[in-house]
Number of protein chains: 2
Amino acid sequence: MRDLLSVLQQIEPDLSKSERILAALLRSDAEFIVNAGITDVAERAGVSPPTVTRFCRRLGCESYTAFKVQVAQVTFAGTRYLTANAASDAPSDIADSLLAQFQDAAARTREALDMESVLAAADAISTAKLLAAFGAGGTSSMISDEIQNRFFRLGLRTVSVTDHAMQLMQAATMRTGDVIVASSVSGRNLQMVRALEAAKTYGAVVIALTRPARPVADHADITIAIDLPEGENILRPSTSRYAFLFVTDLLATLVAMRRGDEARENLRRVKYQLSNTRDLDDKEALGD
Amino acid sequence: MRDLLSVLQQIEPDLSKSERILAALLRSDAEFIVNAGITDVAERAGVSPPTVTRFCRRLGCESYTAFKVQVAQVTFAGTRYLTANAASDAPSDIADSLLAQFQDAAARTREALDMESVLAAADAISTAKLLAAFGAGGTSSMISDEIQNRFFRLGLRTVSVTDHAMQLMQAATMRTGDVIVASSVSGRNLQMVRALEAAKTYGAVVIALTRPARPVADHADITIAIDLPEGENILRPSTSRYAFLFVTDLLATLVAMRRGDEARENLRRVKYQLSNTRDLDDKEALGD
DNA sequence: CTGCATACCGGAAACCATTTTCATTTTGAC
DNA sequence: GTCAAAATGAAAATGGTTTCCGGTATGCAG
């Protein structure tokens with residue numbers, strides 16, 4: 001099933017004036033359309049009902065009703081985004097709005113993701129002799145540790161370094177065939193950049209998970225761009241952690257598939273050792 | 001917005017015979033309903049159109065059209081969940097399916113969340129003299145560190161302890177007014193349980209983020225139940241990290257709101273010190 | 001500038017799906 | 001068995017959607 005909004009994007013140039021008004025309305029207030037009849041939509045857009053019908057046909061829908069159904073589907077995630085600002089201070093509204101933010105952050109990240117860089121990164125990582133994860137500061141160091149946690153299970157020699165001095169020292173020991181995954185939310189971690197430069201002179205490949213067009217990205221061989229707007233409420237935790245975590249998971253999954261049997265064998269061993277000492281169910285998750 | 005299927009579940013016992021037929025049809029072939037008119041649905045179910053209208057009203061919908069829109073939404077979420085098994089090995093399909101898994105994990109967690117325990121936990125944490133985060137193993141230790149990362153910013157004395165021996169030692173030093181947040185994905189971390197027991201004898205309040213009805217939950221004063229089914233594909237990272245992270249964020253936000261000005265002042269200080277030493281934009285996110 | 005062809009749009013009528021009304025049937029209690 | 005209440009469907013009424021068609025704008029050629 002193709003997505004209504006992407007169809008719209010595609011045929012936008014061919015649209016007439018009235019149809020563009022409808023397109024704008026669809027984008028700005030899809031929820032209204034879902035809850036309104038064709039006459040309401042027509043009136044609000046200042047066009048006639050037949051024009052609305054024609055607009056729906058253009059988007060590949062049989063009828064206005066079919067169109068409405070499709071709008072309902074694509075905006076399901078979207079309406080959640082609208083509630084990203086909590087309706088009230090009531091805890092359950094806050095929970096809803098955090099959930100919306102999280103879902104939105106993940107969806108946007110996935111949407112903006114450049115698969116070619118992801119693939120290039122997965123290729124590099126899956127054959128790395130040593131994988132070093134760099135990151136400093138709340139989110140970035142968490143991601144760095146998480147990278148270590150995910151990749152050592154796949155049989156890769158992995159180390160997480162979250163201390164600038166140690167990053168520089170680690171960099172000094174690296175050589176051709178080694179890979180660094182450098183995470184930086186701001187993209188401006190200059191001390192880390194120094195370590196990356198050093199590592200590159202010794203032949204390591206640098207993969208950056210960071211904002212594009214910033215120092216960290218500029219010094220990387222492969223950049224996976226993650227560029228989320230930060231929320232305005234200082235009391236709210238930032239959503240970028242979810243974006244970084246999502247990319248980490250994607251990389252881990254792709255690398256696991258590339259390494260196939262070896263990854264499976266290592267995961268099995270980890271699980272076996274855990275269940276041996278900790279008396280867990282066989283079905284228990286890895287990694288508590 | 002309430003979920004149609006959960007409403008259905010709730011009122012199922014009160015339904016009449018014809019309505020049950022419709023309920024069964026809705027569950028078995030929602031897609032058909034989305035693409036059909038009321039007469040088609042009526043015919044297929046062997047009932048009359050008015051009965052269908054009444055059925056929609058019972059489910060809280062204004063009209064059949066409104067009902068159809070809602071069905072479209074829930075089934076869309078459903079198909080997303082179904083695509084959690086990637087359509088193919090193509091990286092972008094895998095990305096989509098990971099995204100679907102996480103969105104689903106987060107939504108389920110939010111749905112199942114017991115707000116009363118969350119509130120009780122937020123109350124306890126916001127007045128804690130010392131906050132100790134316990135956790136061991138991949139996800140749980142990550143969450144433990146993350147709790148430290150989030151709460152120290154709010155002006156709480158916070159420490160993360162991810163080592164069993166240290167947990168026991170930490171527990172021995174705790175007293176009334178102190179709070180422990182214990183994370184355990186499996187809920188069976190027996191060594192941690194020992195530390196929790198010790199801490200309780202010295203008067204600390206224990207909050208557990210874990211599966212219900214397992215040792216860790218049984219030894220907690222407040223349990224926030226997080227109970228996600230684990231995926232079957234061993235190469236896939238588990239989704240429980242997102243669930244735990246979501247709950248952590250929610251707690252952090254609620255505590256931040258309770259602590260109000262003090263939280264704001266501490267966040268401002270952290271930001272100020274960072275921008276002082278690191279030459280960041282003023283608009284930069286906290287916590288890179 | 002004019003005339004023509006084309007595309008676009010809206011009014012009104014036709015059409016069709018949905019809903020309401022109301023009579024009938026079924027169910028269940030006494 | 002009888003009655004009341006609930007459930008159901010037939011048919012009419014309603015209201016929303018689509019089709020048809022004519023008017024208007026736009027662009028192009030002469």
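Here is how names work: the chains are called A, B, and so on, in the same order as the sequence lines, proteins then strands, and each is numbered from 1.
Counting only distance, with no hydrogens or angles, the side chain of A/Lys68 and the backbone of A/Ala36 share a donor-acceptor pair below 3.5 Å. Side chain of B/Ser126 to backbone of B/Asp123: a donor-acceptor contact under 3.5 angstrom is found. Between the side chain of B/Thr210 and the main chain of B/Ser184, a donor-acceptor pair closer than 3.5 Å is present. Between the side chain of B/Asp40 and the backbone N or O of B/Gly37, at least one donor-acceptor pair lies under 3.5 Å.
For A/Ala112, the side chain to side chain contact (heavy atoms under 4.5 Å, CB included) test picks out no residue, with sequence neighbours left out. For B/Arg58, the side chain to side chain contact (heavy atoms under 4.5 Å, CB included) test picks out B/Ile11, B/Asp14, B/Leu15, B/Glu19, with sequence neighbours left out. Under the rule for a ring-ring contact (aromatic ring centres under 6.0 Å, His included), the partners of A/Tyr242 that lie at least two apart in sequence or sit in another chain are A/Phe102.
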Polar atoms only, N or O, under 3.5 Å: list the protein pairs with nucleotides 5-7 of chain C and their distances.
none

Taking only nitrogen or oxygen atoms into account, show me every contact under 3.5 Å that the protein makes with nucleotides 21-26 of chain C, one pair per line with its distance.
none

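Residue contacts for B/Val47: at a heavy-atom cut-off of 4.0 Å it reaches the sugar-phosphate backbone alone, with no base atom in range.
Taking atom CZ on A/Phe55 and atom C1' on D/dT19, their separation rounds to 20 Å, with Å as the unit. C/dA17 atom P lies 11 Å from atom NZ of B/Lys68, rounded to whole Å. Residue B/Asp40 contributes atom CG, which lies 14 Å from atom P of C/dC16 at whole-angstrom precision. Distance, A/Phe67 CZ to D/dT18 C1': 16 Å, rounded to whole Å. As a whole-Å value, the separation of A/Tyr64 OH from D/dG16 P is 11 Å.
Among the nucleotides D/dT18, D/dG9, C/dT18, the one closest to any side-chain atom of B/Thr39 is C/dT18.
Remark on DNA chain C: of its neighbouring residues B/Pro49 and A/Thr51, the 5'-side contact belongs to A/Thr51, judged by nearest-heavy-atom nucleotide.
Looking only at side-chain heavy atoms (C-beta outward), B/Pro212 and B/Asp227 come within less than 4.5 Å of each other. Between B/Leu245 and B/Glu146 the shortest side-chain heavy-atom distance falls below 4.5 Å. The shortest distance between side-chain heavy atoms of A/Arg188 and A/Val216 does not fall below 4.5 Å.
Taking every heavy atom of both residues into account, B/Ala243 and B/Thr109 meet most closely at CB-OG1, 3.2 Å.
A cation-pi contact links A/Arg44 to A/Phe32, judged by a cut-off of 6.0 Å to the six-membered ring centre and 45° from its axis.
For D/dT19, the OP1/OP2 oxygens have a side-chain nitrogen or oxygen of A/Arg57 closer than 4.0 Å. Within the structure, every side-chain polar atom (N or O) of A/Thr65 is placed at least 4.0 Å from both OP1 and OP2 of C/dA17. OP1 or OP2 of C/dT19 sits under 4.0 Å from a side-chain N or O of B/Thr53. Within the 4.0 Å cut-off from OP1 or OP2 of D/dA7, not a single side-chain nitrogen or oxygen of B/Ser18 is found.
Contacts with DNA chain C (heavy atom under 4.0 Å) in residues 21-38 of chain B: B/Gly37, B/Ile38, listed by number.
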